[in-house]
Amino acid sequence: MSHPHLTTVAVLDADARELRAKTAALVRSPGVDIRISAGSLGELLTDPAFPTEVVILQQRAGERVSVNYKIRVCRLADARVIVIAGTDAEGAVSADARVLSSSVVDFADALALVTDPHPE
């Protein structure tokens, strides 16, 4: 019996409350395996489960590390898809990322869009 593929996901958000909400919304999504819930880039990069197939990150005002740097690091580590959540992302975001303005409820639908290479 074959098992359906679970997409491995990391969620990165410096706001602890938002991080918990996003993670909780995705945990209920079929086909999703939340491997990492991190509050900082350092926490994400040092987690033994990194890299994941998908990284969902939220750039917050005042963060020292730019969103483009986070994207480059994730891509270099072979994360397949990087999703930028919300509208706080600075300026032009790298072409390696998909930008989503979203609420927590939209995350499951957004994840399905970026992880399914052959939508029906």
Side-chain angles (χ1 to χ4, degrees):
M1 171 182 250
S2 77
H3 297 285
H5 173 74
L6 293 178
T7 301
T8 60
V9 176
V11 182
L12 172 60
D13 193 326
D15 182 311
R17 184 178 52 84
E18 289 294 320
L19 178 62
R20 283 190 304 275
K22 289 174 181 147
T23 302
L26 288 169
V27 162
R28 296 186 299 267
S29 301
V32 174
D33 179 11
I34 301 293
R35 296 273 176 96
I36 305 169
S37 183
S40 71
L41 183 61
E43 188 180 339
L44 174 71
L45 297 177
T46 58
D47 191 296
F50 188 76
T52 54
E53 293 171 298
V54 174
V55 176
I56 298 175
L57 66 91
Q58 175 81 45
Q59 185 70 15
R60 299 286 173 185
E63 284 191 82
R64 291 184 357 206
V65 179
S66 76
V67 68
N68 283 319
Y69 179 79
K70 291 175 186 175
I71 292 166
R72 282 192 305 274
V73 168
C74 290
R75 292 295 296 148
L76 287 171
D78 290 330
R80 191 175 62 169
V81 177
I82 293 90
V83 178
I84 310 302
T87 55
D88 292 342
E90 60 192 40
V93 173
S94 164
D96 286 331
R98 311 249 180 129
V99 179
L100 302 173
S101 62
S102 60
S103 66
V104 172
V105 215
D106 297 328
F107 274 99
D109 292 335
L111 185 62
L113 288 174
V114 297
T115 59
D116 185 1
H118 306 290
E120 294 181 40

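Basis for what follows: all heavy atoms, side chains included, without hydrogens, waters or symmetry-related copies.
When all heavy atoms of A77 and P51 are compared, the closest pair comes out as O-CG, 2.8 Å. Between S37 and E43, the shortest heavy-atom contact is O-OE2, 3.6 Å. Taking each heavy atom of Q59 and V65 in turn, the nearest pair found is NE2-O, 3.0 Å. When all heavy atoms are compared, the tightest approach of L44 to A38 is N-CB, 3.7 Å. I34 and L26 get closest at one heavy-atom pair: CD1-CB, 3.5 Å. E63 approaches K70 most closely through the heavy-atom pair OE1-NZ, 2.8 Å.
For the atom pair OG (S66) and CZ (R72), the distance works out to 5.5 Å, reported to the nearest 0.5 Å. To the nearest 0.5 Å, the span separating CD1 on I56 from CD1 on I36 amounts to 12.0 Å. Atoms CG and NZ, from D13 and K22 in turn, are 3.5 Å apart once rounded to the nearest 0.5 Å. In this structure, R60 CZ and E18 CD are separated by 5.5 Å, a value rounded to the nearest 0.5 Å. The distance from the SG atom of C74 to the CG atom of L41 is 6.5 Å, given to the nearest 0.5 Å.
Two different hydrophobic clusters hold V27 and L6 under the rule that ILVMFWY side chains link at heavy-atom gaps under 4.5 Å.
Just one residue in the list D78, T8, L45 forms a side-chain contact (heavy atoms from CB on, under 4.5 Å) with F50, and that residue is L45.
A search for salt bridge (charged side-chain N to carboxylate O under 4.0 Å, His left out) contacts involving D33 returns R35, not counting sequence neighbours.
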